[in-house]
Structure formats: structure tokens, C-alpha cells
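Note on naming: letters A, B, ... go to the chains in the order of the sequence lines (proteins, then strands), and numbering restarts at 1 for each one.
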Amino acid sequence: MAYSDKVIEHYENPRNVGTLDKNDPNVGTGLVGAPACGDVMRLQLKITDEGIIEDAKFKTFGCGSAIASSSLVTEWVKGKTVDQAMTISNKDVAKELSLPPVKIHCSVLAEDAIKAAIEDFKKKRQERQTKQSAS
Amino acid sequence: MKLPIYMDNHATTPLDPRVLEAMLPYLREDFGNAASRNHAFGWKAEAAVEKARKQVAELIGASDKEIVFTSGATESDNLAIKGVLEFYKDKGDHIITLKTEHKAVLDTCKRLERIRQERLDELKMLRLSQLAETDVTPDNLAELSARFNVEQDAQYQKWASRPTGGARVTYLDVEKDGRVSMEKLAAAITDKTVLVSIMFANNEIGTVQPIAEIGKLCREKGVLFHCDAVQGIGKLPFHVDELKVDLVSISAHKMYGPKGVGALYVRRKPRVRIAPIIDGGGHERGMRSGTLNVSAIVGFGQAAQIAREELAEESARIFRLREKLRTGIMSQLDMVTVNGSLEHRLPGNLNLSFSYVEGEALMMSIKDVAVSSGSACTSASLEPSYVLRACGVEEDMAHSSIRFGVGRFNTEEEVDFVVRLVVDKVRKLRDMSPLYEMAKEGIDLKSIEWTAH
């Protein structure tokens with residue numbers, strides 16, 4: 001199967017590979033996929049108290065499309081607000097990378113990763129607020 | 001050294017220049033039809049085909065009368081299995097094969113199972129209409145089925161126990177190393193078994209089956225033994241009488257010959273009979289009609305002769321290169337496992353799982369080397385290799401496997417290059433892998449609740 005140039009470009013020069021401190025209260029971590037299915041994506045977002053995504057890092061176990069999809073969304077979410085990031089859909093990813101039908105799945109994973117990371121961040125903030133109000 | 005490097009010799013092999021030389025006259029001036037009995041063009045073509053038939057026969061210790069030329073091993077497998085089932089339908093309708101066989105064998109068996117089921121369904125309808133003395137229609141089918149249990153009916157039982165066209169198939173599991181268990185095989189044979197179909201060497205993991213033991217068992221039990229020997233012939237010694245095989249599928253393009261030509265060995269003593277699956281002019285003693293592909297057959301013969309003459313020296317050399325590749329990679333990377341038996345293995349095969357790296361991603365990052373991935377990410381199904389799964393390889397590891405096939409034209413320099421490249425790229429991909437990071441932190445990946453999808 002031939003990949004689009006954009007997939008190959010992201011695959012060969014992935015942006016924002018790495019790890020953020022998952023214990024940092026401003027970092028949300030999304031881990032989606034399963035090793036048995038052949039792809040696991042971990043997306044981490046560092047979000048300011050004002051809700052702006054100031055940093056994004058990913059690590060992905062998966063095929064070229066999975067790596068390219070995660071690399072692409074780290075670029076997209078940076079500088080966006082949480083609400084803006086939530087509107088990124090798998091269709092945008094699939095379209096941007098011209099993913100073939102059998103690889104649409106990778107773009108779904110990327111969308112899920114954004115949502116999971118933001119959810120994790122919100123949960124952390126919720127817990128923090130509960131603690132603060134309790135004390 | 002020229003890039004890209006070809007190291008996928010299980011998929012196909014390059015044409016040996018000596019084979020091409022032998023073929024060229026039969027694509028030019030000696031273009032005759034081997035079946036033309038009345039002029040020199042035909043005679044020349046026929047003589048060339050008969051020479052090739054001898055060359056192929058000699059490679060496996062057969063007589064030339066036992067070689068039927070086909071379009072390749074897929075056709076040979078189909079002809080052997082369907083041909084035997086049809087010819088021996090009065091003896092029984094049971095086949096035994098392995099879960100790790102090539103699709104040419106497995107899909108043929110599945111079709112035969114389907115045909116049998118359709119025939120049984122027809123018989124059931126017939127019996128229902130006899131019992132109810134009325135025609136069975138979609139409207140009354142459910143009601144009639146409820147009234148008459150034909151599965152327990154004596155007449156239906158009598159029909160169903162008769163060969164029905166099609167077959168019953170037992171798909172045997174393999175052991176962890178990919179080999180068949182002789183106990184399980186012996187236990188699976190019944191008085192209805194007509195054929196055992198087991199490959200010589202596996203195309204993915206290179207595992208070599210105990211062919212001599214299987215041949216002995218089948219002979220003792222009076223069951224025919226078909227062997228898809230495509231991957232092993234020309235790489236390891238194979239003698240039809242010593243191994244007691246009855247039918248053998250061979251392909252030219254897996255031994256440096258041309259594509260689109262193969263052969264089926266059909267034993268004459270004791271005689272094995274098959275019904276043809278292609279009807280027509282009665283070529284190949286009626287077993288496979290169709291004008292012979294003379295130039296390709298000539299190439300096949302030449303490839304067989306070269307393989308026979310150079311087998312010992314070549315397999316030793318390829319084995320050394322394979323081991324250099326294996327030890328080179330495994331000494332520099334942790335968490336790499338070999339799939340399939342190391343002891344009973346094709347000399348050129350190396351199938352490795354690189355934990356926490358996805359096979360297709362690795363293949364993409366070593367694009368200067370042509371290999372094959374056990375991960376199915378490149379195919380439509382997204383399921384990992386059924387061969388690895390049948391050997392008990394966990395799904396995540398099956399997604400992480402790569403098959404290297406070292407062949408005649410690979411060099412030491414190429415192997416060194418591949419080792420360096422693979423080691424470098426696996427490290428890079430692991431740096432990018434969340435699983436590798438988690439494993440390094442001591443997190444048990446099995447303890448995590450993954451979001452399966």
C-alpha cells in the first residue's frame with residue numbers, strides 16, 4: 001500500500017516525540033489503543049490554568065499512519081484552547097494525511113487520544129479543586 | 001552494494017541469469033507447441049519439455065513420468081487435494097492438514113467443506129419432503145424441520161455418512177515451535193481419511209516438518225500424503241521415496257526460476273490417481289490440460305538442475321549469512337525473539353519479533369531492505385499472521401514480527417548493512433514507543449485495561 005507524502009514526512013520526522021511529567025497537575029495524559037490490536041497512542045498535553053494547550057508530546061506504538069496521525073495532532077493542538085482541541089475530528093486527520101480506508105482507524109485513535117488527555121486534565125483539576133475546597 | 005537490498009526470498013526469488021539464458025531460445029526461434037506432433041518446431045519444444053521434466057524429477061528423486069507441470073504451486077495444491085478427494089470418493093472424504101499451511105491448501109480445504117455442507121443441506125431438504133410428502137418451501141421449512149428431526153433419521157444418516165462431494169477437514173494445531181505433533185496426527189486419522197496435506201517448510205517461520213515420520217505414518221495407515229514443498233525444495237534435500245510422500249507441490253519462482261510455472265509430483269509406485277481440475281486437450285497424461293508454457297518449463301528445469309548441483313554448498317553459505325544476521329541483531333538489541341524452531345528451520349529464514357515495535361512501522365523505516373511483516377497492518381484485514389497465532393505467539397508480539405529471507409544472491413556486506421540498519425531503527429522506534437517506556441519503568445503491560453477497539 002502506498003502512503004501519502006505527508007504520512008511519510010511525519011513518519012520520518014515525527015514532531016513532538018517525548019514524555020511530559022504525568023504527575024504535573026497541568027499535564028493531561030491520554031493512553032488509547034491496545035498492544036494486541038497493534039497500536040497504542042499516548043498523547044500528553046500541558047494545559048495552562050486558562051485552558052490553553054502550551055505543549056504536546058506523544059509516543060506511539062503502531063504503524064506509519066498511527067505515528068503520523070499522532071505527530072500531526074500534536075502540531076494541531078498546540079496553542080489551541082481545550083474547547084478548540086475537542087473539535088478536532090478523525091475526519092480532519094484522515095483528510096490531511098490522505099489515509100486509505102483501512103487506516104482510518106489510526107485517525108480515530110488520534111481523536112480519542114486528544115479527548116482522553118483532556119479528560120485526564122479535567123479530572124485532575126476537579127480533584128485539585130475538591131481538595132482545595134475541603135481544606 | 002546496491003540499494004534496495006532484496007531479503008524477501010520466501011515471497012519470490014530473482015531469476016538466475018543462467019536460467020534466463022536457457023529460456024531465451026524458447027521465447028525466440030524455438031517457439032513451437034510441445035503438443036504439435038507433426039513438425040520439427042513441435043518436436044524441439046517437446047524435447048525441451050521432457051529434458052526439463054527429468055531435471056525437475058531428479059531434484060526430488062522421482063521418475064520423469066511422475067511430474068505434472070502446472071501454473072505454479074497454488075494450482076498444484078488445488079490439483080492434489082481436489083483431485084485426490086474426487087478420485088477416492090468411495091474410500092472416504094476426510095482430510096487432515098495444519099493450521100499453519102499456506103492459504104492455497106487451507107482455502108482449498110475450506111471450499112471442500114462448504115461443498116459438503118451444501119450437499120448435506122440438499123439431502124436434508126430431500127428427506128424432509130419425503131417424510132412430509134410435500135415440497136419443502138421457505139414458508140413450510142421451519143414447521144417441517146420442527147416436525148421431523150432428520151439429523152436423527154436413519155435414512156438421512158445413511159446418506160450423510162456417504163461421501164457427498166466435498167470433504168470433512170481436520171485442521172491440526174502445531175506445537176510452539178511450529179511443528180506438528182505426531183501423536184495428534186496419528187490420533188486424527190480415521191478410516192474415512194484419504195489425505196494428509198502437510199507442508200515441508202513454512203513460508204513465514206521457516207519451520208521444517210518431520211516429513212519422513214509423517215510419510216511413514218501415512219503409508220502404514222494407508223492414507224495418501226500430499227506435501228506442499230515449495231519453500232524447502234532446492235534448499236534442503238528432499239527425496240520422494242525416502243520420505244514416502246505421494247504428491248508434492250513445487251514452484252519454480254521460489255528457486256530462482258520463472259514465475260507462473262510449477263509442478264505436481266504424482267507417485268506411480270504404488271500408484272496414486274487424481275481427477276483433473278482443468279479439462280481440455282488431455283495434456284500431461286490427462287491430469288492437467290492446457291498448452292505447456294515451454295520457455296518457463298525450460299527455465300524451471302534449469303533452475304532445478306542448478307539447485308540440485310549447488311544445494312549443499314549454497315545452503316551452508318546461506319545458513320552462515322542467516323546466523324550472522326540473527327546474532328548481529330540479537331546481540332545488540334534486547335527483547336527480540338525468534339519465531340519458529342531454530343533447529344528445524346530453513347537455512348535462509350529468520351522470523352523475529354521485536355517487542356514494543358510495530359512490524360509495519362519497522363518495515364517502513366528500513367525501506368532500503370525488502371522484507372515482509374507478520375503484522376497485517378499492510379493488508380485489509382488488520383489481523384496479525386495466522387501462522388504466528390497458531391504457534392501461540394501473543395497478538396502484540398505477532399504485530400511486532402518481521403520475516404527475513406536470505407537467498408542465493410545476498411552477500412555478507414548486505415547482511416552487515418541490514419544488521420546496522422535494523423538495530424538503529426528499532427532503537428529509534430522504541431524511543432518513540434510508549435510500551436517500551438512503560439516496560440522499562442517496570443509496568444506490567446498485561447495489568448493495564450486497554451481500550452480495545
Side-chain angles (χ1 to χ4, degrees), chain A residues 1-3 7-20 22 29-44 57-71 74 90 99-113 115-117 119, chain B residues 335 353-368 373-385 388-389 393-402 425-441 443-453:
Chain A
M1 178 174 47
Y3 276 122
V7 169
I8 293 171
E9 209 282 311
H10 270 281
Y11 174 76
E12 285 177 351
N13 308 294
R15 334 292 200 245
N16 308 308
V17 176
T19 308
L20 297 173
K22 63 172 184 276
T29 301
L31 183 68
V32 295
C37 303
D39 37 29
V40 174
M41 213 176 262
R42 190 189 68 192
L43 179 67
Q44 293 187 302
K57 294 273 182 211
F58 86 92
K59 279 203 175 188
T60 290
F61 160 81
C63 61
S65 299
I67 290 170
S69 298
S70 30
S71 168
T74 57
N90 81 291
L99 295 181
V102 68
K103 299 289 188 178
I104 296 301
H105 166 73
C106 300
S107 65
V108 173
L109 215 54
E111 182 189 323
D112 289 352
K115 300 212 155 101
E119 200 177 304
Chain B
M335 296 189 275
S353 285
F354 299 87
S355 297
Y356 316 122
V357 173
E358 202 270 338
E360 195 225 36
L362 178 56
M363 230 167 61
M364 204 172 147
S365 69
I366 56 168
K367 62 180 187 307
D368 283 334
S373 157
S375 148
C377 246
T378 41
S379 73
S381 75
L382 296 182
E383 292 294 319
S385 149
L388 293 176
R389 297 291 293 132
V393 175
E394 295 284 340
E395 274 193 335
D396 53 342
M397 290 299 270
H399 276 294
S400 299
S401 75
I402 291 275
K425 297 298 182 185
V426 168
R427 283 182 181 149
K428 279 210 174 102
L429 285 166
R430 279 181 173 170
D431 280 345
M432 210 193 290
S433 168
L435 303 179
Y436 188 68
E437 186 185 297
M438 290 158 88
K440 283 283 171 191
E441 283 171 6
I443 298 168
D444 179 12
L445 295 175
K446 288 204 164 54
S447 72
I448 293 174
E449 257 186 62
W450 297 102
T451 53
H453 45 273

Quick one: [atom1] on [X] to [atom2] on [Y], what's the gap to the nearest 0.5 Å?
| X | Y | atom1 | atom2 | answer |
| --- | --- | --- | --- | --- |
| A/Cys37 | B/His399 | SG | NE2 | 6.5 Å |
| B/Asp396 | A/Asp39 | CG | CG | 12.0 Å |
| A/Ser71 | B/Met432 | OG | CE | 8.5 Å |
| B/Leu435 | A/Lys59 | CG | NZ | 10.5 Å |

Which atom names give the shortest non-hydrogen contact between A/Val17 and B/Asp431, and what distance separates them?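 For A/Val17 versus B/Asp431, the nearest heavy atoms are CG1-O, 4.2 Å.
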
Sort out for me which of B/Met364, B/Lys367, B/Met397 touches chain A most, counting heavy-atom pairs under 4.5 Å.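 The candidate making the most pairs under 4.5 Å is B/Met364.
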
So do A/Leu31 and B/Trp450 actually touch side chain to side chain, heavy atoms under 4.5 Å?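 Counting from C-beta outward, B/Trp450 and A/Leu31 do come under 4.5 Å.
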
With only heavy atoms counted, which part of B/Lys428 is less than 4.5 Å from chain A, the side chain, the backbone, both or neither? neither

If you count heavy-atom pairs under 4.5 Å between each of A/Ser70, A/Pro35, A/Gly64 and chain B, which one has the most?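 The answer is A/Pro35.
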
Check this for me: A/Glu119, atom CD, are more than 12 non-hydrogen atoms of other residues, nucleotides or ligands nearer than 6.0 Å?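 Counting other residues, nucleotides and ligands, CD of A/Glu119 stays at 12 neighbours or fewer.
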
Sub-3.5 Å donor-acceptor pair from the side chain of A/Tyr11 to the main-chain atoms of B/Ala361, do we have one?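 Such a contact is found between A/Tyr11 side chain and B/Ala361 backbone.
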
Chain B contact via A/Val40 - side chain, backbone, both or neither, heavy atoms under 4.5 Å: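 A/Val40 touches chain B through backbone and side-chain heavy atoms alike.
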
Where does A/Pro101 contact chain B at under 4.5 Å (heavy atoms): side chain, backbone, both or neither?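 Interface part for A/Pro101: neither.
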
With B/Glu437 as partner, the option from A/Lys22, A/Arg42, A/Lys57 fulfilling salt bridge (Lys or Arg N to Asp or Glu O under 4.0 Å) is A/Arg42

